[in-house]
K.L.:
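Below are the structure tokens for one structure; questions will follow.
Quick note: numbers below take in every heavy atom, side chains included, and nothing from hydrogens, waters or symmetry partners. Quick note on labels: first sequence line is chain A, next is B, and so on, each numbered from 1.
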Number of protein chains: 2
Amino acid sequence: MGKHTETLRRMGRTSTRGREGILRILEETSIPLSPKDIRERFPEPKPDTATVYRNLSLLSSLGLVRSVALHERCRRYEAAGEGIHRHRVVCRGCGRIEAFQVTTCHLAGIEADIRRRFGFKVTDHSLEFFGSCPECRKKEGAK
Amino acid sequence: MGKHTETLRRMGRTSTRGREGILRILEETSIPLSPKDIRERFPEPKPDTATVYRNLSLLSSLGLVRSVALHERCRRYEAAGEGIHRHRVVCRGCGRIEAFQVTTCHLAGIEADIRRRFGFKVTDHSLEFFGSCPECRKKEGAK
DNA sequence: ATTGCAAATGCAAATATATTGCAAGCATGG
DNA sequence: CCATGCTTGCAATATATTTGCATTTGCAAT
């Protein structure tokens, strides 16, 4: 009877080890994880890969997790709790990822503009910064 | 002797059909294309898939194209010309993509902040909006 | 124009990532 | 505790991306 049982039940879903586990794992980390990362962090017995994908897809449709695209070969996921709004910085050199919380998000104006111009109703957005971390800058001769 | 021959030579690379083609194709479209899309737009004889991938990787490291992550299973690419700065709106319902140019990008302040807090030097960023396009809103009963 | 060499390409095979069908197992309501 | 339907594991499949290697091409120096 995990911490998220209630949440899942309220949404008409059964609470299972796979689902509880994913939610717990994603809450414990500050950077988004790939399906593989997630599976590896499960204690034995690890759920099947297919189960991880199916549950990520379900939790995502319930809005409990959210996918983050960092220009890699695979997607990553993060917990999508209320009011949590994170952006990220990704190092092009070593792939290191830092997450940071933004105090105010300046993008509300743009979203209204999009509604006006395209009729699109924006539900969320994704903002990532790319560059070089201190270590990689050092290696490359401090640009 | 294509339009991009000079650019490539200046960067110490040979100008080939594959590279010229990719740059031309990406300039002709307003939305980012997948490697598959790109290959399909080549006139016969189409280059091999591996060639497309290798060239995208090269052009990307030269900064002539840039990858765009839209939470799909594959990456997309767009031309990365000087001063060109695009954002996108993606419909979660049908996958439709619209691109729009921003006049001023409000993010310079954040980038400075990142430099201060993490020592990361930001070279670029990626901003995408997700939501429902007019058609999908209609189908779903206008939310 | 011809030639030599490094770099680019095609092709096939290997990996990595993601999805699906189906039989067996588990969660929940009665 | 039992029946039911949703979940899971497993194997097979689909899709995306990468790699090795032999061949061809681009291009600079004849």
K.L.:
What about A:Ile25 and A:Leu64, same hydrophobic cluster or not, with Ile/Leu/Val/Met/Phe/Trp/Tyr joined at side-chain heavy-atom distances under 4.5 Å?
P.N.:
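Linked within one cluster.
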K.L.:
Looking across every strand, which nucleic acid part, if any, lies under 4.0 Å from A:Arg75 by heavy atom: base, sugar-phosphate, or nothing?
P.N.:
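If one applies the 4.0 Å heavy-atom cut-off, A:Arg75 turns out to touch the sugar-phosphate alone, with no base involved.
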K.L.:
Taking the side chain of B:Thr51 as its heavy atoms from C-beta onward, which of C:dG10, D:dA16, D:dT19 lies nearest to it?
P.N.:
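Taking heavy atoms from C-beta onward, the closest nucleotide is C:dG10.
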K.L.:
Which whole-number value in Å describes the distance from A:Arg17 CZ to C:dG25 P?
P.N.:
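My rounded result for the distance is 17 Å.
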K.L.:
Would you mind reading off the distance between B:Arg13 atom CZ and D:dC27 atom P, rounded to a whole angstrom?
P.N.:
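Rounded to the whole Å, the gap is 13 Å.
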K.L.:
Return whichever of A:Glu72 or A:Lys46 has its heavy-atom-nearest nucleotide of DNA chain D closer to the 5' end.
P.N.:
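Mapping each residue to its closest nucleotide by heavy atoms, the 5'-most match is A:Lys46.
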K.L.:
Could you check how far CZ of B:Arg39 sits from C1' of D:dT18, rounded to whole Å?
P.N.:
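Whole-Å distance recorded here is 16 Å.
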K.L.:
Does the side chain of B:His125 come under 3.5 Å of the side chain of B:Glu111 through a donor N or O and an acceptor N or O?
P.N.:
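The answer is yes; a qualifying pair exists.
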K.L.:
Just compare C:dT17, D:dA16, D:dG9 and give me whichever is closest to any side-chain atom of B:Tyr53.
P.N.:
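Of the candidates, D:dA16 comes closest.
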K.L.:
What is the separation between atom CG on B:Leu56 and atom C1' on C:dA8, rounded to the nearest whole Å?
P.N.:
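Interatomic distance, CG of B:Leu56 to C1' of C:dA8: 14 Å.
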K.L.:
Within the 4.5 Å heavy-atom criterion, are B:Pro47 and B:Arg17 side-chain neighbours or not?
P.N.:
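Contact flag for B:Pro47/B:Arg17 side chains = yes.
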K.L.:
Nearest to the A:Ala50 side chain among D:dC10, D:dC6, C:dA8, which nucleotide is it?
P.N.:
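Ranking D:dC10, D:dC6, C:dA8 by closest atom to the A:Ala50 side chain puts D:dC10 first.
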K.L.:
What integer distance in Å separates A:Arg19:CZ from C:dC26:C1'?
P.N.:
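Atom CZ in A:Arg19 sits about 12 Å away from atom C1' in C:dC26.
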K.L.:
Give the rounded distance in Å between these two atoms: CG of B:Asp48 and P of D:dT24.
P.N.:
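From B:Asp48 CG to D:dT24 P: 15 Å.
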K.L.:
Between A:Thr51 and A:Asp48, is there a side-chain donor-acceptor contact under 3.5 Å, judged purely by atom types and distance?
P.N.:
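There is no such pair between these side chains.
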K.L.:
Tell me whether the rings of A:Phe100 and B:Phe118 are parallel (<30°), tilted (30 to 60°) or perpendicular (>60°).
P.N.:
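A:Phe100 and B:Phe118: tilted rings.
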K.L.:
Rounded to the nearest Å, what distance is computed from the CG atom of residue B:Leu58 to the P atom of nucleotide C:dT9?
P.N.:
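Going from B:Leu58 (CG) to C:dT9 (P), I get 9 Å.
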K.L.:
Taking CZ from B:Arg73 and P from D:dA16, how many angstroms apart are they, rounded to a whole number?
P.N.:
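Taking CZ of B:Arg73 and P of D:dA16, I get 5 Å after rounding.
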K.L.:
What about A:Arg54: does its side chain form a donor-acceptor pair under 3.5 Å with the base of D:dG9?
P.N.:
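Such a pair is found, so the answer is yes.
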K.L.:
A:Thr14 has a side chain; which of D:dT7, C:dT17, D:dG9 sits nearest to it?
P.N.:
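Comparing D:dT7, C:dT17, D:dG9 against the side chain of A:Thr14, the answer is D:dT7.
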K.L.:
Counting Watson-Crick and G-U wobble pairs only, both distances under 3.5 Å, name the nucleotide matched with C:dA13, or none.
P.N.:
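By the stated definition (distances under 3.5 Å), D:dT18 pairs with C:dA13.
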